[in-house]
Amino acid sequence: MDYKALSELLFPDVTNTPEALEEQYPPRDLPEGAVVSRMGPSPTGFVHLGNLVQGITSERMCHQSGGTLFLRVEDTDSKREVPGAIESLIRGLAHYGINFDEGATVDGEKGAYGPYKQSRRAHIYHVYAKKLVSEGKAYPCFCTEEELQEIHAREEAAKENFGYYGKYAVWRDRPMEDIKAALAEGKEWVLRFRSEGSIEHKIKFTDLIKGPLELTENDIDHVLLKSDGIPTYHFAHAVDDHLMRTTHVVRGDEWLPSLPLHIQLFSALGFRLPKYLHVGTLQKMDGASKRKLSKRKDPELALSFYREQGYPVPSVYEYIMTILNSNFEDWRRANPTAPVGDFKFSPKKMNPAGSLFDEDKLRDVSKEVISRMTAAEVYDGVLDWAKEYDPDFAALLERSPDYARAILAIGRGGKKPRKDFAVWSEVKPYMSFFYEELFEPDYTPPEGMTPEEMANILRAYYRQRMQMWHEKHTMLEPDGNEWFENVKALAESLGYCPDTKLYRQEPEKWKGSAGDVSMALRIAICGRRQSPDMYSVLKIMDGDDPDVSGDFFMGRLERAGAALGANTSEWNSK
RNA sequence: GGCCCGUUGGUCAAGCGGCUAAGACACCGCCCUUUCACGGCGGAAACAGGAGUUCGAUUCUCCUACGGGUCACCA
C-alpha cells in the first residue's frame with residue numbers, strides 16, 4: 001500500500017507541514033517549572049461546579065508557577081452547541097476570579113497560539129491527519145452508521161468487547177482500489193487511527209493526582225476526523241495541546257478510560273506527552289446512593305444557583321478549596337485574613353476519589369467568610385445580590401447606606417465576630433426590624449409575664465428615658481454598661497432582681513430578673529425575642545439617620561404598649 | 001459484560017508498617033451570656049470483608065463485596 005499516495009488522495013488541498021506549524025507555534029519562553037494549562041469547555045450548557053473545580057485547579061497550577069492559563073473552546077460538535085454558552089462561561093469564571101491569560105474572549109480572542117476555537121482549526125488538524133495517513137497510522141473508513149451498529153450487535157452476540165478493532169475493523173487493510181471506488185461513489189468517510197495496541201499489554205502511567213496507574217492498552221481504531229472533517233476530542237486534544245504547548249492537562253477523571261488512546265496518539269504524532277491531573281468528579285446523594293452530579297438533573301450544580309441563593313463568591317471559592325486541598329482549612333485557620341491566593345495549592349493534596357457535595361459545609365464556610373468581611377463589604381455584597389433578587393430591599397439599603405452599614409457593623413470585627421448569615425438572602429430577616437417597612441412585630445410577652453406587666457415595664461422605661469431627656473438632653477447613655485446599669489436599676493425598682501446569678505439562687509424573692517426586663521424591651525423594640533446586643537441596636541435607633549429620625553425607639557415603646565392594651569397617652573403625664 | 005478508578009465516623013478528611021486512628025461540618029450535653037449569634041469544654045460516631053507478607057498491618061499484595069466512571073462520527 002502506498003500511504004503517501006493515499007494521503008494525497010484524501011487530503012489533496014493540504015500543503016502545510018507539521019514542521020511549519022512547529023515553527024509557527026514555538027515552545028513558550030517561560031521560566032523553569034511554569035505550568036501551561038487550559039480549560040477546554042464545550043459550549044453546550046451552563047457553567048457548573050465541575051467547571052469551577054477544574055478551573056480553580058488549572059488556574060492555581062498556572063498562576064502559582066508563573067505560567068499561562070488559556071481558554072480553548074471545544075466546539076467540535078455543532079449539533080450540541082448552545083448559543084451564548086461561551087460568553088456565560090467566561091463571565092461566570094471571571095466572577096470567581098478565574099481569568100485567562102490568552103484564548104477565547106467574549107468578543108474574539110487573544111494570544112499567539114490560536115485560533116482558540118476548535119471549529120476554526122480544521123486546516124491545522126488536517127496537516128497532522130495527512131501526516132498520519134502518509135505514515136500508515138491512519139486510514140479512511142466508509143462504514144455507515146447501520147454497518148457500525150451491526151458490528152456492535154455481532155460483538156454483543158459473540159460476547160466480545162465492543163468497538164472497531166481487529167477483525168471488526170473492516171476498512172483497516174482495504175486495498176487502494178476499494179478506497180478509490182468508495183470515494184468515487186461519493187461515500188462519506190471518517191479517518192480512523194490504526195491502533196498498534198493490544199489488550200494483552202498493560203501500560204504504566206503516573207497521574208499527578210491519582211498517582212501510579214496501570215492501564216490496559218487501547219486496541220480500538222478510534223475515529224480521528226468525523227465525516228465533516230472536524231476532529232473528535234481525542235485528536236484535537238493531542239494536536240492542540242501540543243501546538244499550544246500545554247504542560248499540564250487538568251480534566252475530569254471520566255477521561256481516564258481514554259487515556260491509553262491519548263498516549264498512543266501523542267506517540268504516533270511524535271509529540272511529548274503532557275502531565276495529567278485527573279480530578280475526581282463531584283458526587284451527590286441520590287436517595288441512598290451516591291452519583292455523579294448531573295447537569296440535567298441537579299440544579300444545584302449550576303453556578304447560577306449559588307448566585308441566586310446569595311452565596312458570596314469567596315464562600316463558594318473557599319468551599320471548593322476545602323474540597324480540593326485537604327490542608328486548606330488548616331491554612332485558613334492559621335491565616336484568617338490572608339488572601340486566598342497566598343495558599344500553596346498542591347495537586348498532591350487532592351483527593352483521588354470524587355467528593356460528595358455538602359451544602360452544610362458550604363454554609364459553615366460561608367458564615368466564616370462573611371464574618372471576616374467589614375460592614376462595608378457586607379453591605380456591598382447584600383446590595384449587589386438584592387438589586388437582582390430583591391429590589392425592594394435593595395431600595396431600602398440604598399436609601400441610607402450609612403444606616404445599613406451601621407446595622408451590619410454590630411458585632412463585627414474582633415476575636416469573636418457574629419456569624420448570623422451564610423447567604424445574602426438571610427440578611428433581610430436579620431435586620432428587618434430596623435425598617436418600618438419590614439417591621440412585623442410579635443409582642444408576645446416573655447415566658448410567665450402578663451401583657452399588663454410587660455406594658456408596665458415599657459411605661460417605666462419610657463418614663464426613665466423622658467426624665468433622662470429632661471436632665472441630660474439625651475435618650476441614651478453614652479456607653480453600654482451604663483445603659484444596662486440603668487436597666488438594672490429600673491428592674492429593681494419594679495421588683496426584679498438586678499443580678500441574674502442572685503436571682504437563680506432565690507427566684508421566689510423576685511418577680512424575675514433584669515434579663516426579663518431587658519427581654520420585654522427587646523420584644524417591644526425589635527418585635528421579636530432574638531436580636532443582636534440591645535444597646536447597639538438602641539444606639540443606631542437613637543442616631544440622626546433619616547430612617548430613624550425623631551423618637552424612633554420611643555415610638556416603638558408606645559406602639560408595643562398600645563398593642564398590649566396600655567393607655568400610652570398617660571405615659572407622658574406625671 | 002469488558003476496562004479503569006475508588007472504599008477511614010452521617011458528610012469532608014488526616015494517616016503513608018508500630019498512634020488511646022487527627023481535625024472540620026452536622027448532631028447531643030455542659031459552660032459563658034440580659035436574648036440571639038459567637039466562643040469554650042465534653043460526648044456519641046470510622047479503617048467494607050477475607051486471606052497472605054511481616055515480630056507487627058488502616059497503611060504492602062491478592063481475592064470478594066460494594067460504589068463510581070467509561071465503552072459514539074459527544075465532549
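The figures that follow rest on heavy atoms only: side chains count, while hydrogens, waters and symmetry mates do not. A, B, ... follow the sequence lines: proteins, then strands. Residue 1 opens every chain.
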**Report entry** Pairwise C1' distance, G56(B) and C32(B) [rounded to whole Å]
**Finding:** 47 Å
Report task. Answer yes or no: side-chain N or O of Ser227(A) and base N or O of C73(B) forming a donor-acceptor pair under 3.5 Å. Result -> yes
Query - Pairs meeting criterion side-chain hydrogen bond (donor to acceptor under 3.5 Å, both in side chains) with involvement of residues 186-196 of chain A, two or more places apart - result: Asp173(A)-Arg194(A), Ser195(A)-Gln264(A)
Report task. Scan Cys143(A) against the nucleic acid and name what it touches under 4.0 Å (heavy atoms): base, sugar-phosphate only, or nothing. Result -> base
Query raised in the report: Counting just side-chain N and O atoms, does Lys226(A) come under 4.0 Å of either OP1 or OP2 of C74(B)?
Result: yes
Requested in this report: Ignoring hydrogens and angles, state whether a donor on the side chain of Lys361(A) or Thr322(A) is under 3.5 Å from an acceptor on the partner side chain.
Outcome: no
Query raised in the report: Nucleotide by nucleotide, 5' to 3', does protein get under 4.0 Å of the base (B), only the sugar-phosphate (S), or neither (-) in nucleotides 32-39 of chain B, counting heavy atoms?
Result: -SBBBBBS
Report task. Please check if any side-chain donor atom of Asp221(A) sits under 3.5 Å from a side-chain acceptor atom of Tyr139(A), or the reverse. Result -> yes
Query raised in the report: Quick one, which residues of residues 187-195 of chain A touch RNA chain B with a heavy atom under 4.0 Å?
Result: Val190(A), Arg192(A)
Query raised in the report: At under 4.0 Å between heavy atoms, what does Ser258(A) touch on the DNA or RNA strands: base, sugar-phosphate, or nothing?
Result: nothing
Query - Side-chain donor-acceptor contact under 3.5 Å, Asn161(A) with Glu155(A) - result: no
Query raised in the report: Of all residues at least two apart in sequence or in a different chain, which pass the ring pair (Phe, Tyr, Trp, His ring centres under 6.0 Å) check with Phe193(A)?
Result: none
Requested in this report: Provide the distance between the two C1' atoms, one in U58(B) and one in G9(B), to the nearest whole Å.
Outcome: 14 Å
Report summary line: Picking from C73(B), A75(B), U70(B), the nucleotide nearest the side-chain atoms of Pro257(A) would be U70(B)
Query raised in the report: Any side-chain donor paired with an acceptor under 3.5 Å for Gln464(A) and Asn486(A)?
Result: no
Report task. Report the residues that fulfil ring pair (Phe, Tyr, Trp, His ring centres under 6.0 Å) with Tyr165(A), sequence neighbours left out, ordered by chain and then residue number. Result -> Tyr168(A)
Requested in this report: Under 4.0 Å between any heavy atoms, over every strand shown, what does Glu160(A) touch: base, sugar-phosphate, or nothing? Just pick one.
Outcome: nothing
Requested in this report: Taking atom C1' in both U8(B) and C16(B), compute the distance separating them and give it to the nearest angstrom.
Outcome: 13 Å
Query raised in the report: Can you tell me if Arg120(A) uses its side chain to pair, donor with acceptor, with the backbone of Tyr116(A) under 3.5 Å?
Result: no
Report task. To the nearest Å, give me how far apart CG (Asp77(A)) and C1' (C73(B)) are. Result -> 9 Å
**Report entry** C4(B) phosphate, OP1 or OP2, under 4.0 Å from Thr216(A) side-chain N/O
**Finding:** yes
**Report entry** Most 5' of Pro212(A) and His234(A) on RNA chain B, judged by nearest nucleotide
**Finding:** Pro212(A)
Using the 3.5 Å cut-off, write out each protein N or O paired with an N or O of nucleotides 62-66 of chain B and the distance between them.
none

Query raised in the report: Does Tyr430(A) have any ring pair (Phe, Tyr, Trp, His ring centres under 6.0 Å) partners at least two apart in sequence or in another chain, and if so, which?
Result: Phe421(A)
Query - Residue-phosphate contact under 4.0 Å: Thr322(A) side-chain N/O, A13(B) OP1/OP2 - result: no
Query raised in the report: C4(B) and U61(B): how far apart are their P atoms, nearest whole angstrom?
Result: 15 Å
Requested in this report: Give Lys210(A) one of three labels, base, sugar-phosphate or nothing, depending on what nucleic acid heavy atoms sit under 4.0 Å from its own.
Outcome: sugar-phosphate
Query raised in the report: Are side-chain N/O atoms of His234(A) and His262(A) paired as donor and acceptor at under 3.5 Å?
Result: yes
Query raised in the report: Got a sec, which pairs hit salt bridge (Lys or Arg N to Asp or Glu O under 4.0 Å) with one end in residues 521-538 of chain A, sequence neighbours left out?
Result: none
Report summary line: With sequence neighbours left out, the residues meeting salt bridge (Lys or Arg N to Asp or Glu O under 4.0 Å) with Glu147(A) are none
Query - Results of salt bridge (Lys or Arg N to Asp or Glu O under 4.0 Å) for Lys226(A) - residues two or more places apart only - result: none
Requested in this report: Report the secondary structure of RNA chain B in dot-bracket form, marking unpaired bases with a dot and bases paired to a different strand with |, and treating Watson-Crick or G-U pairs with both distances under 3.5 Å as paired.
Outcome: ((((((((.[[[..)..(....]]].(((((.......)))))....[[[[[..)....]]]]])))))))....
Report task. Return yes if a side-chain donor-acceptor contact under 3.5 Å exists between Tyr311(A) and Glu359(A), otherwise no. Result -> yes
Report task. Check ring pair (Phe, Tyr, Trp, His ring centres under 6.0 Å) between Phe235(A) and all other residues, then give those that pass, not counting sequence neighbours. Result -> none
Query raised in the report: Taking the P atom of each, how far is U64(B) from C27(B), in whole Å?
Result: 42 Å
